[in-house]
Asker: 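The structure that follows is given in the form of structure tokens.
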Amino acid sequence: MKIHSNHPYHLVDPSPWPLTGSIGAMTVTSGMVLWFHKNEMYLFYLGVLILLLTMFQWWRDIVREATFQGKHTIKVTEGLKLGMILFIISEVFFFISFFWAFFHSSLAPTIELGMTWPPKGIKTFNPMEIPLLNTMILLCSGITVTWAHHSLMNGMHDQTLKALIMTVTLGLYFTALQAYEYMEAPFCISDSVYGSTFFMSTGFHGIHVIIGTTFLMVCLLRHLKCHFSKTHHFGFEAAAWYWHFVDVVWLFLYISIYWWGS
């Protein structure tokens, strides 16, 4: 029996996933403590498994509500858009903290750093090699995700599919190159404040690229199942916003840490 509502809002049904997500997060945290102190990882793996199962089933329910049950009305979508905007703003300030630490140390290097930047003994990356290639990869991926968005709004299914596949491929390529760069790095995270700020900022950006690529992979699968229409595709739109944010952060990282900082 279909229940009619006299308001445009979505009153969420009772769900076990916030509880299982909290249990998973606590298990991961406890597992990391066990890993640090006793070098045992079974609890950490259990927590990751609980989180993955929770995420899969929670997102499955949200897809059902949005695509098949019609719960995501125009009013609900406006709230989701505002929530995504606020989330991205919070992520901007998260990265500002890393840039603050980098510029605080680099603009006035202390005597412990040899009064110079980069600190003595640090051999930096050549910004004209892999970092420049990664910059071009992310800029191209920004173009392809915009292509996918415009194709989706114009009802061109095949064009959207091609553009999404290209974007996901570029994201995976970026991650592979950054992993190679880390393996070949001539310094590590414990090599003065340079190593700390470099690996914290680029490492967290790399995690965001992996999350964004996963986000776009889910959108690709949903597009193959025809979940999106010309006017109802906020799931993809949110992924595109997030990907553009990742692009912009990388440009600042490249200019400040790789190019100016070296």
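Because only heavy atoms are used, hydrogens play no part in the values below, and waters and symmetry mates are left out as well, while side chains stay in.
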Asker: Would you give the length of the straight line joining atom CD1 of Ile165 to atom CG of Leu220, rounded to the nearest 0.5 angstrom?
Answerer: 5.5 Å
Asker: Check the pair Trp241 / Glu237 against side-chain contact (heavy atoms from CB on, under 4.5 Å), numbers first and verdict last.
Answerer: CA-CA 6 Å; Trp241 290 356; Glu237 205 169 358; 3.8 Å; yes
Asker: Ignoring hydrogens and geometry, is there a side-chain-to-backbone donor-acceptor pair from Thr116 to Pro119 under 3.5 Å?
Answerer: no
Asker: Tell me the closest heavy-atom pair linking Cys219 and Gly235, and the distance in Å.
Answerer: SG-O, 3.7 Å
Asker: Around Trp260, counting heavy atoms of other residues, nucleotides and ligands shown, do more than 12 lie under 6.0 Å from its CH2?
Answerer: yes
Asker: Atom OH of residue position Tyr173 - does it have more than 12 heavy atoms of other residues, nucleotides or ligands inside 6.0 Å?
Answerer: no
Asker: Looking only at non-hydrogen atoms, find the nearest pair between Leu34 and Leu43 and report the distance.
Answerer: CD2-CB, 4.2 Å
Asker: To the nearest 0.5 Å, how far apart are CH2 in Trp250 and CG in Asp247?
Answerer: 11.0 Å
Asker: Any chance NE2 of His104 has more than 12 other-residue heavy atoms, nucleotides or ligands included, within less than 6.0 Å?
Answerer: no
Asker: Report, as yes or no, whether the 6.0 Å neighbourhood of atom CG on Leu107 holds more than 12 heavy atoms from other residues, nucleotides or ligands.
Answerer: yes
Asker: Do Phe99 and Ser256 have side-chain heavy atoms sitting under 4.5 Å apart?
Answerer: yes
Asker: Indicate the ring-plane relationship of Phe125 and Tyr258, choosing parallel, tilted or perpendicular according to the 30° and 60° boundaries.
Answerer: tilted
Asker: What distance separates Phe199 CZ from Asp191 CG, expressed to the nearest 0.5 Å?
Answerer: 8.5 Å
Asker: side-chain contact (heavy atoms from CB on, under 4.5 Å) for Trp17 and Thr20? Distances and angles first, verdict last.
Answerer: CA-CA 5 Å; Trp17 311 131; Thr20 59; 3.5 Å; yes
Asker: Quick one: do Ser141 and Trp243 satisfy side-chain hydrogen bond (donor to acceptor under 3.5 Å, both in side chains)? Show the steps, please.
Answerer: CA-CA 9 Å; Ser141 71; Trp243 196 252; 2.8 Å; yes
Asker: Report the C-alpha distance between Tyr182 and Thr202 in whole Å, list the side-chain angles of each, state the deciding distance to 0.1 Å, and finish with yes or no for side-chain contact (heavy atoms from CB on, under 4.5 Å).
Answerer: CA-CA 10 Å; Tyr182 277 13; Thr202 59; 2.6 Å; yes
Asker: Near Lys162 NZ, under 6.0 Å, is it more than 12 heavy atoms from other residues, nucleotides or ligands?
Answerer: no
Asker: If you round to the nearest 0.5 Å, how far is OG1 of Thr27 from CE of Met32?
Answerer: 13.5 Å
Asker: With a 4.5 Å limit on heavy-atom distance, are the side chains of Trp259 and Pro131 in contact?
Answerer: no
Asker: Using ring pair (Phe, Tyr, Trp, His ring centres under 6.0 Å) as the criterion, list what pairs up with Phe204, not counting sequence neighbours.
Answerer: Phe94, Phe98
Asker: Hey, what do you get for CD1 (Ile50) to OG (Ser22), rounding to the nearest 0.5 Å?
Answerer: 11.5 Å
Asker: Is the backbone of Phe198 close enough, under 3.5 Å, to the side chain of Ser201 for a donor and an acceptor to pair up by distance?
Answerer: yes
Asker: Val48 and Met26: same hydrophobic cluster, using ILVMFWY side-chain contacts below 4.5 Å?
Answerer: no
Asker: Could you check whether the rings of Phe174 and His205 sit parallel, tilted or perpendicular, using 30° and 60° as the cut-offs?
Answerer: perpendicular
Asker: Do Phe44 and Leu46 sit in one hydrophobic cluster, given that two such residues count as connected whenever their side-chain heavy atoms are within less than 4.5 Å of each other, even indirectly?
Answerer: no
Asker: With a 6.0 Å cut-off on ring centres, are Tyr194 and Trp117 close enough?
Answerer: yes
Asker: Are more than 12 heavy atoms, taken from residues, nucleotides or ligands other than Met55, located less than 6.0 Å from that residue's CE atom?
Answerer: yes
Asker: If two hydrophobic side chains count as joined below 4.5 Å and joins carry through other members, does Leu152 share a cluster with Leu80?
Answerer: yes
Asker: Can you establish whether the number of heavy atoms outside Trp147 located under 6.0 Å from its atom CH2 is more than 12?
Answerer: yes
Asker: Check whether Ile207 and Phe93 end up in the same hydrophobic cluster, where Ile, Leu, Val, Met, Phe, Trp and Tyr are linked by side-chain heavy atoms less than 4.5 Å apart.
Answerer: yes
Asker: Tell me, please, which residues at least two apart from His227 pass side-chain hydrogen bond (donor to acceptor under 3.5 Å, both in side chains).
Answerer: Arg222
Asker: Any donor and acceptor pair, going by atom type alone, linking the side chain of Glu184 with main-chain N or O of Tyr180 inside 3.5 Å?
Answerer: no
Asker: Does the gap between the ring centers of His149 and His233 come in under 6.0 Å?
Answerer: yes
Asker: Mind listing the side-chain donor-acceptor pairs of residues 83-91 below 3.5 Å, one per line with the distance, residues two or more places apart or on another chain?
Answerer:
residue, atom, partner, partner atom, Å
Ser90, OG, Phe87, O, 2.5
Glu91, OE1, His208, NE2, 2.2

Asker: Using side-chain contact (heavy atoms from CB on, under 4.5 Å), reason through Ile211 and Tyr242 one step at a time and then give a plain yes or no.
Answerer: CA-CA 9 Å; Ile211 293 168; Tyr242 188 83; 3.8 Å; yes
Asker: Please confirm whether the backbone N or O of Pro8 pairs with a side-chain atom of Thr73, one donor and one acceptor, at under 3.5 Å?
Answerer: yes
Asker: Count the heavy atoms belonging to other residues, nucleotides or ligands that lie under 6.0 Å from CE of Met41, then report whether that count exceeds 12.
Answerer: yes
Asker: Decide whether Ile137 and Leu132 are clustered together by the hydrophobic rule: side chain heavy atoms of Ile, Leu, Val, Met, Phe, Trp, Tyr closer than 4.5 Å, transitively.
Answerer: yes
Asker: Hey, could you give me the CE/SG distance between Met166 and Cys140, rounded to the nearest 0.5 Å?
Answerer: 8.0 Å
Asker: Could you walk me through whether His157 and His223 pass the ring-ring contact (aromatic ring centres under 6.0 Å, His included) check?
Answerer: CA-CA 8 Å; His157 186 276; His223 180 65; 4.1 Å; yes
Asker: Does a side-chain heavy-atom distance below 4.5 Å link Leu139 with Leu251?
Answerer: yes
Asker: Would you check if the side chain of Asn126 reaches a backbone N or O of Met128 as a donor-acceptor pair within less than 3.5 Å?
Answerer: yes
